[in-house]
Number of protein chains: 2
Amino acid sequence: MNARPTIYDVAQRAGVSKSLVSLVLRDAPHVAEAKREAVKKAIQELGYRPSRAASALASQSTRSVGLLIDDFRNPWFVELLAGVRSVLDPAGYTVTVADLRLEEASGRNPVDGFLAQHVDALVVAAEAPPEMVRDVRVPLVIAGTRSLTPLLGKSLDDGAADVVAGDDDAGGQLAARHLLALGHRRIAHLSGQGAPAEHRRRGYVRAMAEAGAEPLVYGVDGGTDEANGFRAMRQALDAGGRAAGGPPTAVFAANDVMALGAMAALRDAGLRVPEDVSVLGYDDSPLAAYGYIRLSTVDGHSRRLGAEAAQMALDRMAAPAAPPRRLLLEPAVVERSSVRETIA
Amino acid sequence: MNARPTIYDVAQRAGVSKSLVSLVLRDAPHVAEAKREAVKKAIQELGYRPSRAASALASQSTRSVGLLIDDFRNPWFVELLAGVRSVLDPAGYTVTVADLRLEEASGRNPVDGFLAQHVDALVVAAEAPPEMVRDVRVPLVIAGTRSLTPLLGKSLDDGAADVVAGDDDAGGQLAARHLLALGHRRIAHLSGQGAPAEHRRRGYVRAMAEAGAEPLVYGVDGGTDEANGFRAMRQALDAGGRAAGGPPTAVFAANDVMALGAMAALRDAGLRVPEDVSVLGYDDSPLAAYGYIRLSTVDGHSRRLGAEAAQMALDRMAAPAAPPRRLLLEPAVVERSSVRETIA
DNA sequence: GGTAACATTTGGAGCGCTCCAAACGAGAGT
DNA sequence: ACTCTCGTTTGGAGCGCTCCAAATGTTACC
């Protein structure tokens with residue numbers, strides 16, 4: 001009566017067998033054009049929609065891949081997702097997204113969720129606890145602006161994960177050198193917890209040392225959020241007041257949101273950006289592009305990252321035994337209006 | 001061998017029948033504690049995870065609800081989602097999110113996707129084309145900061161949709177009155193396409209008329225994005241220059257992103273916010289709360305909206321024949337630092 | 001001691017689909 | 001006319017689980 005039509009209903013209406021309907025559904029070759037049409041017509045008329053559950057159960061494949069990101073609030077993921085879909089959509093795969101922060105907040109393990117869902121592959125673009133991805137038996141791709149360390153552990157252990165990531169070390173160096181090249185010497189770095197921040201920091205410190213400039217790092221023990229950006233910037237300003245050379249002339253923040261916090265602190269202190277101090281962010285998130293913000297930033301190519309990750313997933317599904325791949329994307333600085341040469 | 005363990009494997013290992021395992025899985029009553037433990041132990045040891053597909057197929061229910069939002073890039077949805085999950089998680093439901101813009105970009109119908117997935121209910125928080133939700137046979141709830149118009153059509157047709165929404169008309173009035181009460185008279189409104197913007201505009205116009213002030217609307221034919229906010233603000237400024245009273249002393253934007261565009265235009269024009277002109281946004285998106293922005297805005301209570309929508313979905317699943325419900329949430333203004341009294 | 005009443009456990013019949021081996025037809029070749 | 005092919009179509013056996021009716025144990029009560 002009112003129940004959802006099944007493949008049998010379609011078959012009956014089209015005057016063929018359920019098997020033929022199934023073939024049409026997956027548009028197989030060797031189906032007579034007339035029958036194909038008849039089936040399509042019946043599908044149309046009945047408003048039939050195949051049941052994913054049944055199909056998944058029978059075929060042992062959901063043709064879906066899971067994407068784990070860390071926080072929906074950080075728009076970083078949007079481009080990443082667009083990249084992932086750009087390669088998975090044409091291949092007929094569906095992608096489901098979960099937010100690590102949100103899942104954990106409600107006491108769930110998102111990876112379990114994905115596995116219960118029978119995803120065919122998993123793309124992890126968040127700093128997930130290693131044990132969470134320990135023995136995932138589906139193709140696993142690690143993607144991140146994110147640094148590799150916690151992931152290398154996993155992939156070395158069982159050789160099963162492909163990884164594609166922005167090179168955060170290089171990005172940190174790039175940022176510092178960019179500022180150095182513009183004549184800055186007192187360059188503060190606003191950092192925070194977590195692997196990506198740590199690598200960016202490391203790169204920054206190295207570049208500063210090479211240039212013979214003193215590394216000035218703040219906020220290491222805080223989050224990589226706006227509040228800590230604000231706080232760390234204040235510290236940098238206070239330290240600069242008491243210390244030798246005065247306040248920094250440039251600031252490199254571990255990400256765009258922290259940079260935004262820094263800009264608030266600078267404005268509150270009566271300092272102008274970029275006239276008095278230059279601010280450089282990281283991620284090239286949508287935030288940075290707003291006309292009111294115009295933040296110069298380091299671009300980790302998140303869209304490309306997503307596309308590469310998706311391709312790796314596809315490749316591994318095709319060839320599960322192929323040697324794992326690694327790909328590092330070289331970051332680049334995006335000039336907007338928050339950075340300029342020193343006046344000094 | 002290497003295959004995923006099934007319920008039978010667990011049963012065998014625990015020395016019980018598959019049915020008992022199934023009971024334990026859905027923690028049914030009337031199961032002896034000892035057996036329950038044994039089953040749990042076996043599950044643990046085997047790393048067993050139930051197959052959602054099989055369970056969905058057998059039980060004719062996925063215990064999942066779909067949430068359709070309009071654009072991942074607009075962080076408006078984050079709180080909405082949190083609200084939805086806050087009621088659905090405890091009830092044991094899973095929620096899957098799709099982004100209308102993204103789905104359409106890849107030529108898919110997200111609702112079809114949800115239905116193929118057999119969601120038990122659908123929450124639509126985007127301005128989906130009516131035909132898209134036409135004959136959805138699952139409980140449907142419409143949620144929005146979004147105005148009701150396009151939805152009322154649908155729900156009146158078949159009486160099957162519950163709706164909860166922010167009252168955009170009231171919000172528009174509220175915004176205008178708020179500014180009026182602070183002594184502003186030349187209050188420009190930056191608007192755009194789409195039902196929510198239209199209703200906010202209508203409210204604004206009414207309140208202005210009631211106060212005997214002239215409505216000044218710009219940007220109606222553009223999007224509700226940053227670029228149009230910028231452009232509309234420029235127009236308002238130019239018009240003010242030529243016309244009678246000078247540039248507006250206050251601006252009410254149809255949403256926060258447009259307000260941000262307006263702030264950029266104002267800054268470029270050498271005008272300060274709020275000293276020279278007040279800016280009021282709408283949505284109370286995360287954007288507005290950044291220290292660097294501190295945008296005063298109208299709060300549509302998106303979290304509560306999500307929670308109410310989820311509850312409605314739950315209620316309707318429990319009682320499919322209950323009369324449809326309507327709920328309008330009264331917006332409120334959130335004071336930050338972008339609005340102040342007129343000096344005049 | 002026997003049995004009713006309940007608590008606990010179990011096998012079987014699907015859920016709607018895919019996939020396979022087998023059946024069917026219709027020309028082509030001899 | 002009769003095989004052979006090859007392209008097309010079909011029934012049947014699951015996929016891993018839920019749900020039901022029925023079986024089995026256990027306790028209590030007469």
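All chains are named by letter (A, B, ...) in the order of the sequence lines, taking the proteins before the strands, and each is independently numbered beginning at 1.
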To the nearest angstrom, how far is [X] atom [atom1] from [N] atom [atom2]?
X	N	atom1	atom2	result
A/Leu25	D/dT10	CG	P	15 Å
A/Arg52	D/dC17	CZ	P	20 Å
A/Arg36	D/dT9	CZ	C1'	13 Å
A/Ile7	C/dC15	CD1	P	14 Å
B/Lys35	C/dA7	NZ	P	17 Å
B/Leu20	D/dA22	CG	P	20 Å
A/Arg63	C/dC17	CZ	C1'	15 Å
B/His118	C/dC17	NE2	C1'	10 Å

Return whichever of B/Val31 or B/Ala58 has its heavy-atom-nearest nucleotide of DNA chain C closer to the 5' end.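 The residue mapped nearer the 5' terminus is B/Val31.
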Along DNA chain C (nearest heavy atom to each residue), the more 5'-positioned of B/Ala32 and B/Gln60: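 Going by which nucleotide is closer to the 5' end, it is B/Ala32.
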Reckon A/Ser19 touches a base, only the sugar-phosphate, or nothing at all at heavy-atom distances under 4.0 Å?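 If one applies the 4.0 Å heavy-atom cut-off, A/Ser19 turns out to touch a base.
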Is A/Lys18 touching bases, backbone alone, or none of the nucleic acid, heavy atoms closer than 4.0 Å?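 Counting heavy atoms under 4.0 Å across all strands, the contact made by A/Lys18 includes a base.
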Reckon [X] has a side-chain N or O less than 4.0 Å from the OP1 or OP2 of [N]?
X	N	value
A/His30	D/dG7	no
A/Arg26	C/dT18	yes
B/Ser55	D/dC17	no
B/Tyr8	D/dG14	no

For a salt bridge (charged side-chain N to carboxylate O under 4.0 Å, His left out) check, start with the C-alpha distance between B/Glu45 and B/Lys41, then their side-chain angles and the critical distance, and finish with the verdict. CA-CA 6 Å; B/Glu45 291 169 352; B/Lys41 180 150 160 288; 3.4 Å; yes
Could you work out which one of D/dT10, C/dC17, D/dG16 sits closest to the side chain of A/Thr6?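 Ranking D/dT10, C/dC17, D/dG16 by closest atom to the A/Thr6 side chain puts C/dC17 first.
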If you check every side-chain atom of B/Leu23, which of C/dT9, C/dT18, D/dC19 has the closest atom?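 In terms of side-chain proximity for B/Leu23, the closest of C/dT9, C/dT18, D/dC19 is C/dT9.
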Stepwise side-chain hydrogen bond (donor to acceptor under 3.5 Å, both in side chains) test for A/Arg52 and A/Ser64: CA-CA 11 Å; A/Arg52 238 185 174 48; A/Ser64 75; over 6 Å; no
Is it the case that the side chains of A/Arg4 and A/Ser51 hold a donor-acceptor pair, with the cut-off being a distance below 3.5 Å and no angle test?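 A/Arg4 and A/Ser51 do not have a side-chain donor-acceptor pair below 3.5 Å.
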Just by distance, no angles: are the side chains of B/Arg85 and A/Ser106 close enough, under 3.5 Å, to form a donor-acceptor pair?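 Their side chains do contain a donor-acceptor pair, which is all the 3.5 Å distance test asks for.
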Taking atom CD of B/Glu104 as the centre, report whether more than 12 heavy atoms of other residues, nucleotides or ligands fall under 6.0 Å from it.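 Buried by this count: over 12 neighbours within 6.0 Å.
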